[in-house]
Every structure is written in C-alpha cells, then in structure tokens.
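Numbering starts at 1 and runs along the sequence shown.
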Amino acid sequence: MTMIDSSCLMENGGGVGGGGGGSCLPCTPEEEKQIVEELNREAERDLKEGNLYFVVSSRWFLKWERYVGQGFVDNLDNGKSLESQDLDAERPGPIDNSDIIEGGNGNEGDELELVRALLEGRDYVLVPKKVWEKLVQWYKGGPKLPRKMISQGVFNRKQFNVEVYPLRLKLIDPRDDSESTIRISKKASLQELYERVCSVRRVEREKASIWDYFNKQKISQLSDSNQTLEELNLQMDQEILLELKENSSPSQSGKDSTGNELAVVTLEPPRSPVSIAGGPVMSNGHSSSYSLNLQPGSALNSSFTDMDNGFGASSVRRVEKGGLAGLQNMGNTCFMNSALQCLVHTPQLVEYFLQDYSEEINTQNPLGMHGELALAFGDLLRKLWSSGRTAVAPRVFKGKLALFAPQFSGYNQHDSQELLAFLLDGLHEDLNRVKQKPYIEMKDWSGEPDEEIADECWRNHKARNDSVIVDVCQGQYKSTLDCPFCSKISITFDPFMYLSLPLPSTVTRSMTVTVFYGDGSGLPMPYTISVLKHGNCRDLSQALGTACCLKGGESLLLAEVFDHKIYRLLENPFEPLVSIKDEDRIVAYRFSGKGTGRRKLEIIHRDKSTLELLKGNVGKSFGTPLITYMDDDSPTGADIYLAACKLLSPLKRACSPTMAHSGKENGLLSEANAETSSSCNGQCEPRDQSMGDTELEDTSSQELSFQLFLTDDRYSSCKPIFKDSVINSGNQIKVVVEWTEKEQKLYDSSYLKDLPEVYHKTGYTTKKTRQEAVSLFSCLEAFLTEEPLGPDDMWYCPSCKEHRQATKKLDLWMLPDILVFHLKRFSYSRYLKNKLDTFVDFPIHNLELSKYVKKKDGHSFTYELFAISNHYGGLGGGHYTAFAKLIDENRWYSFDDSRVSPVNEDDIKTSAAYVLFYRRVRTESKAELGETSQVQAGS
C-alpha cells in the first residue's frame, strides 16, 4: 500500500472543514482516494443515530471517482478494466449540487427542491461528514445538504438509514386561514413538533393544540408526548390543524428554537395527485391512535379502536358491493396498493379476517411482529370490505409496515412482489399457531422413496409453521442437485409461497456458431441455436450437435477466433457460457471420433495478393483458421500438404481439369515456381458440399498450389515447409497458408470470411421490435427445466468438499389452494437494469396443472384466475395497478389507487401482468379451512 505524504496526513487530522488552509502541496489522486477510503471505513465502524451525512450530486462524484481511479473495477460487457480509460481523467472542478436542488443554498428552505429533484430520478450519493469536509477542503463548492442518520424498524429488524427526505407537514392556522409547510424529522417527538409549531406561529405552548386534520375534519388531537411522529403515523404532506384555547391574533413567522429562519416555506398552489414513480403524491392521509392491547380475548377489539372516522366502518359486517373501495396513494405507494388489493380479494383471507381471529395472534414469536402486522392488515381488510366505494388511506398499515420492514419506509417506489413476499411471511409469523418451535435436525436422505421424504419434510415444516397462510398459500416442491464431478445427488423437499417464473428470454440465449469440417468433407455452415444462459460448453456442443445432425462417433471441437487466429480452445465441457460474449466469434470443428490426446494441425491464412503487396503489406491475416488432426507420430512436409489439401478441397472452384494443376512439383515447394498456364474466369463455383468418398480421394491427391510455412505459437516467425521436412512441434502444429491472386482464382476464400458473431445481428433485428408472446406454461416449463447453477450460486458438494456448479432440477410436489405466479420481468446487475414487456398469455379459467405435479393426492389441479398485480412503464417511472374479481358477482374490477372501475374480462390480459393469483377449483366438497393443510400433508 502506498504511503501518504505525512504532511497531508497531518492536514487530514486537523483544520478540516475550513476553506482548505494548510501548507502542503495538493494531494495526488491516489492520496485523495486513500484518505476518503479510510474516512469511510471510520464512519462504518461508528454507525449510530444522529451521525451527519451530506448529499452530493452523482454527476460530480463520478467525475471525482474517475479522477482518483475508484469505482471502475469490472465491466460485464467486455470484461476489461475501465481504469485504463480514465488514466487521463481531469481533476473535477468545485463540488456542484445544482442539478439536485434546482437552486438555493442548501438550507432547510431548499429541501423541497432537493426532494423533487431526487424523486425525478436525479441520482445522488451520501458521504460522511468528515469526507464532505475533506472534499470541500480540496475542491470547495456546494451547496451543503446535511442529513442525519436515523434508526428505523423494531425488534430485530432495526437498521440505520440516512433521512434524505424529512417529513413535510401542512400546518393550517384557522385564525388567518394560512397554510405553511413545516419540515421535521420523522424521528422527532410530538413535543418537538409542538415547539416548532409554536415558534413558527408565535403562540404560547399552553394555549396550543394540534389536531390530525384529514379531509378538513378534526380526526384526533395529538397530545403532547414523547412519541415520535413516525410512531404516530404522520405522513408526508399531511395536514395538521393549529387550535388555540383562547383567541390570539395572527403573527408573522419567526425563528424556531434553533434560530432557523427557514423553518416555514409558503405552500405552492396545489397540484393534482400523481401516482407514478416520478414525484411525491399530494394526498391526505388520516389515522387515529393505534394501541396494541393483547390481553386474552381483546386483540380484535383493540384493532377496532383504529377505525377511521368518516368511513362508517364500525361494523365488520359486509355491506352490499363490499370490496370495491380504493386505496389512496400516499406518495409512490401504488406498489403497496396493488399488492394489497390482490390479497384483500383472496376469498380465504377475506373469510378468515372478517371473523374473530384473536385466538391465533402470536405475540411471542421473535420472527413475527408481535401480532401488530396481522392486526393492521386485518383492520385494513375490514375497512375495504365495509366502506362501500369510499377510498381508504392505509396510513396506519404503512406505518406498521415501515416499523417492521424499514426497506419500505419513505416514499420511494418499490416492487409489489417484494412487498407481497414480506407481507405473507409476516402474516404467517404473526398468526403462527406454534408458540414454541421445536428443534428438528435435518436428515441426510439416501435412497428412500420420494413420498416418504416429502411427507416427513412437510410434517417437520408443519411442526414449526402452522397458520392460515400455510393452510392456504403454501405448497411444496422437490429440488434435486447433481454434482457434475462426483455425481452426488442431493434431494430436498421445500415449501413455497409463490413461484417466480422466468420468462424464456431471460433463461436462454441465442448463439450463432459456424461449423467447419475437420476432414474437408463439406463447406462451413453457420447454425443459430438456443442454450441456457448459465449453461456450459457441454450444453452448447449438445445443442449444436443436434442442429448439425452430428452422427454417432463424431465430435465437435469448440474454439474462439480473434484476429483471424485461434484465441482459445473451449475444450473444458464445464466452461461457463457467460465467458462467451455476444460479440465473440465461435467456431466448431467437426471430426470423426474423439480428439482427446491427438495432435492438432492449425492452418492460418495470409493474403499475398498483388493488392496487398502494392499497399506495402508483407502479408495480412484473413479468414477463419482451420483445424484437423494428425495421427502420424512424426509427420513430414508431405503429410502437412496432404492434410491442407483435404481441408481446402471444398473451396476449390469447379473449373476445367487443366486448372487443377500448377507449377508445383507434387504440390510441394520447389526451387523455381512456374506460373500456372490455366486461368479462371472468376465465375467458377466451389465443389458440392456433399462429395462422395471417391471424389474426395481424387481431390486430396491433386496437386496443391499454396505455399506453406511453419510458424510458432505467437505467429512471430515463418519457416518454409519442404517435401521431406520432419515436423517436430509437439502436440500442436501451426501452419501459415499464403494466398496469392492465383490461389484466389483457384479457391473461393469467401467461405472463410465474414465469420458471424455469437449474437448475429441481421438487418431485420437492428430495430427493437415487440417480442413474441409466450405462454404461462412455457414460463413454468422454463422454471422446471434442469439448469446449471450460476457462477455466483455454487453448491457445496458434501462428497467433493468443494463448491461446484451443480445442475438443479425443480419439480412441483404439492400445490396450495391459492397459487401465486410471479413473472420475473425485472433483471438487475451491477451495470444493467432491464424490464421485459413480453406478453405472457395466461389462462383465466381452467388452468390445468396435473401433468406438472408429481404427487397425485386426489386434489384438483385446476385453477381459476382471480387477481393480477400489474406494472406499467419502465424501471424509473412505472406505475402499479391491480385487477381483481369479485367472486360473488363474477365480475372483474380495475383498482388504480383510489380509482375503482369495472373492466371486461377480455381486457385483463396485458403485457403489464406481473403477479398472477389463482384459486383452486375444487371437484370435491370444500374442506374446512383448518383441514386443508392436513389433507395436503397426507395425514
């Protein structure tokens, strides 16, 4: 590690944060990088609430990273380091945050501009205080945008986050009908809010009362306490009302307790709500206190104390047209609204949460939320089924969600399927009937029948997990891992809550490979085949062998060609295909028999035509190299010429017999070369690809006009090959063939040129076209297809005692009553984010899955669609909606946040379908809810 100049280190230790005083010379890029890395490590070691971070524009910060050579290690597109591209990067100018705040000095009054800019997709980075001070010392600039670190979550789910977006509250003062905006941390206490409001409106604390002011109605008084605003479920942009016990004249806004004059910002004219990931939604929310009193028999009653006023939700009885209430968007919460509407229209969950489930609340489960999440969800479901068509603000539920899953806090867009996965798991743990989970040691199965293994695995699972979610939503699949080295097979039976189905285009890739005949029996031919993305060269050889009708006893040798030479031989069958890029050129040489241990002859082509000589080129390589096997222990020059003649014979033009002879003696290099007396009119065609053995033998025995030279592994030297030369080049012989104008007339070299890339772009595919539709069944089959694990997902083989790239095969063993399919439209990597808008054709009725299920237990395997979570748009500005079917009405509805409207069944199939919800169509009498899992377990 390079040592940093001591004077710079001394400067780093003191006088930080000023204008950059100090007597030492400016730090080098390497020194700046090391200082920042050390300060970042120091900050990571001291994570705690209240730490100060600063927002910095990514545009400026990336320039600094290029300058110091940081952050550019890999590039998945070409596998090369980007550092070499940034060696000459200029030193960035002053820190410039103007692109993320749209003006201002970074004081509190500029936070609205900052939040808007960030939510519009402009990126930023967060740097610790000491790093910011160093950057300012080196570069100056700004403005500074400080943000504090807060702790979010409860129990064992706490995590530290920087509060980039402070809470914004609309303060209504009825004395002068004014509206002001107060910015305050969500971790601030209610007492701090009172202090801020009283300071801003210049009123005495004893005379002030603050109300939750939803829809211009006083919902509940916010009593002065040490509860945080987050715990009170106060949301972004919600209204609060200031009420005085005695009349008081309005006053000008003043300073708060910290002396900050910019604590209040005049509210801009209201705008219409927007529910896409592009900005905060200006929507009112409301809630009252949500107290948790989990004494026996009181859980259900405690949940009803949170019923919002104005909804008429005091009764849990379903009214006519129940289930048609929308959910208000509370700031990029369309992902949550979409998932919730699908769940609250799941028939079994509706039936369960509309009855008394208090006895099943598990307050002792350390993996759960002490029952609070289940109560919040149950309360929300009751409101949606009893509020008619009045939209509900899920503010209390969102608050509980943020406590238990801090990743969903704030107002960023998230994934509806990720929320669904967390919510189903959280509801299960909150409603788990098992109060004390027993320890069960995993067995190492070997040779037992699948039925025995599956039943015991399910019993073990049920001994620790028993809830309505398990009863209704959990199935079981069989997972088989096969080690490619020792053939160790591992079989497990695991539960699942949903099936994440890959779209076929995300599982496979098209590869174009050109096949050359290693014995010269035919012309080269390109083949485009489909293989698994995470497959290996063995998979590629098998698919290519099928495409080119490889015969029994024949083999293929794969190679990568670069700069008209063999760059590498792909002889390892387990070489991952991810090592082959789309822009690479891959060839396969077709041979009779296996090539293991045989001597290879590689022929490279060099152009010695008059045109090249006139250009001053000694000889330029061109075309595709050819490979054949030499079985002679000590091959001579004559053997090399004969092998070359056989390889090039398919390229020979079909001209007059006189043209087949040249001035070479027996086809070998002689002292004096006579010019050929024959000529070709340039319109001759190469011989037919399917030549007979006799014709091939005759062709091979004809004279060869080419000059051959022996070269080394680096192609740096050439020695002429003579008739009686004895070739001693180990296991691989490399020969250069010189092509003059004479040979160009005798042979058609065009078949050696224009080798296609792996991803062959034709004129018809240069433009992005709508992808072909795929069926849900093809997605399911791709999910169940055996495939090798990815390089980052290696399996530890207990037999080899090493991590191996095993093959994995999944089989459906037992299906639940509610079957959820997640279509994997999104793909993420370090350098690429992508969404597939492929239209998936899925059945609405009569989804028959019996042929995919291994265990035939008498259950129906026919399903009917009842809900869809949709995602429209791209990654940065998408929007979620839902389609749900009211089973009693046999009618579909569209749920777009607060907007609910009927939709024709023919219109619910779109390319936006993201998560599909199916329910089992029973052919037998309906089992009781609590008996479902017992029947499934085969007990």
Quiz item: Which distance, rounded to the nearest 0.5 Å, do you find between the CD of E418 and the CZ of F826?
Solution: 9.5 Å
Quiz item: Going by heavy atoms in the side chains, are V344 and F353 under 4.5 Å from each other?
Solution: no
Quiz prompt | Test side chain to side chain contact (heavy atoms under 4.5 Å, CB included) applied to N329 and P394, S898, C334, the passing residue | solution = C334
Quiz item: Does the side chain of E429 come within less than 4.5 Å of L373's, by heavy atoms?
Solution: no
Quiz item: Judged by modelled atom types alone, do H871 and D415 share a side-chain donor-acceptor pair under 3.5 Å?
Solution: no
Quiz item: For T228 and K186, which heavy atoms make the closest approach, and how far apart are they?
Solution: CB-O, 3.9 Å
Quiz prompt | From V127, V131, L145, residue fulfilling side chain to side chain contact (heavy atoms under 4.5 Å, CB included) relative to V56 | solution = V127
Quiz item: Step by step, would you call K187 with E163 a salt bridge (charged side-chain N to carboxylate O under 4.0 Å, His left out)?
Solution: CA-CA 9 Å; K187 304 299 287 188; E163 189 178 24; over 6 Å; no
Exercise. Evaluate the side-chain proximity of L367 to N432: yes if any heavy-atom separation is below 4.5 Å, no if none is.
Key: no
Quiz prompt | D897 side chain reached by L327 side chain, heavy atoms, under 4.5 Å | solution = no
Quiz item: Which heavy atom in V125 sits nearest to a heavy atom in S58, and how many Å separate them?
Solution: CG1-OG, 3.7 Å
Exercise. Take D379 and V396 through the test side-chain contact (heavy atoms from CB on, under 4.5 Å) and record every step on the way to the result.
Key: CA-CA 9 Å; D379 183 35; V396 172; 5.6 Å; no
Exercise. Mind running side-chain contact (heavy atoms from CB on, under 4.5 Å) on S185 and I150 for me, showing each step along the way?
Key: CA-CA 9 Å; S185 171; I150 61 174; 4.3 Å; yes
Exercise. Using the test side chain to side chain contact (heavy atoms under 4.5 Å, CB included), find all partners of L47 that sit at least two apart in sequence or belong to another chain.
Key: Y53, M149, F160
Quiz item: Just checking, R205 and Y194: is the charged tip under 6.0 Å from the six-membered ring centre and within 45° of the axis?
Solution: yes
Exercise. Please name the pair of heavy atoms, one in G326 and one in L384, separated by the smallest distance, quoted to 0.1 Å.
Key: O-CD2, 3.9 Å
Quiz item: Quick one: does Q34's side chain have a donor or acceptor within less than 3.5 Å of a partner on E31's backbone?
Solution: no
Practice problem: Please say whether more than 12 non-hydrogen atoms of neighbouring residues, nucleotides or ligands are located less than 6.0 Å from NZ in K148. | Solution: no
Quiz item: Do I240 and I172 pass the side-chain contact (heavy atoms from CB on, under 4.5 Å) test, and can you show the C-alpha distance, the side-chain angles, and the key distance before you say yes or no?
Solution: CA-CA 6 Å; I240 56 175; I172 310 297; over 6 Å; no
Quiz item: If we only count heavy atoms from C-beta on, is the V162 to V55 side-chain gap below 4.5 Å?
Solution: no
Quiz item: Just wondering, are more than 12 heavy atoms of other shown residues or ligands nearer than 6.0 Å to CD in E204?
Solution: no
Self-check item: Smallest separation among heavy atoms of A393 and M330, with atom names
Solution: C-SD, 4.4 Å
Quiz item: Where do K400 and E372 land on the salt bridge (charged side-chain N to carboxylate O under 4.0 Å, His left out) test, with the steps shown first?
Solution: CA-CA 7 Å; K400 294 299 178 185; E372 293 191 44; 2.7 Å; yes
Quiz item: After noting the C-alpha distance and the side-chain angles of W64 and Y67, does the key distance pass the ring pair (Phe, Tyr, Trp, His ring centres under 6.0 Å) rule?
Solution: CA-CA 5 Å; W64 178 82; Y67 171 64; 8.1 Å; no
Exercise. Give me the one residue out of L349, D425, L423 that meets side chain to side chain contact (heavy atoms under 4.5 Å, CB included) with I469.
Key: L349
Quiz item: Hey, mind stepping through Y498 and L420 against side-chain contact (heavy atoms from CB on, under 4.5 Å) and telling me if it holds?
Solution: CA-CA 10 Å; Y498 52 87; L420 176 71; 5.6 Å; no
Quiz item: At what distance, to the nearest 0.5 angstrom, does CG of L343 lie from CG of L424?
Solution: 5.5 Å
Quiz prompt | Side-chain touch W132/L52, heavy atoms, less than 4.5 angstrom | solution = no
Quiz item: Taking atom CD1 of I210 and atom SG of C198, what is their separation to the nearest 0.5 Å?
Solution: 6.5 Å
Practice problem: For residues V36 and V68, determine if any side-chain heavy atom of one lies less than 4.5 Å from a side-chain heavy atom of the other. | Solution: no
Quiz item: For R41 and E38, what are the C-alpha separation, side-chain angles and deciding distance, and is it a salt bridge (charged side-chain N to carboxylate O under 4.0 Å, His left out)?
Solution: CA-CA 5 Å; R41 286 192 291 267; E38 178 56 36; 3.1 Å; yes
Quiz prompt | R147 side chain vs P166 backbone, donor-acceptor pair below 3.5 Å | solution = no
Practice problem: Output the distance between atom CD (Q191) and atom CG (L222), rounded to the nearest 0.5 Å. | Solution: 14.0 Å
Quiz item: What is the distance from atom CE of M369 to atom CG of D430, rounded to the nearest 0.5 Å?
Solution: 6.0 Å
Quiz item: For S416 and S338, does a side-chain donor sit closer than 3.5 Å to a side-chain acceptor?
Solution: no
Quiz prompt | W138 versus E32, side-chain donor and acceptor atoms under 3.5 Å | solution = no
Self-check item: Test applied, side-chain hydrogen bond (donor to acceptor under 3.5 Å, both in side chains); reference residue, H428; option that passes from N365, N362, N465
Solution: N465
Quiz item: If you look at every heavy atom in G69 and K33, which pair is closest and at what distance?
Solution: O-NZ, 3.5 Å
Quiz item: For D46, does its backbone N or O pair with a side-chain atom of N51 as donor and acceptor, under 3.5 Å?
Solution: yes
Quiz item: Which distance, rounded to the nearest 0.5 Å, do you find between the NZ of K144 and the CG of L135?
Solution: 14.5 Å
Quiz prompt | Heavy-atom pair of closest approach, residues R59 and D96 | solution = NH2-OD2, 4.1 Å
Quiz item: Any side-chain heavy atom of L193 within less than 4.5 Å of one from L169?
Solution: yes
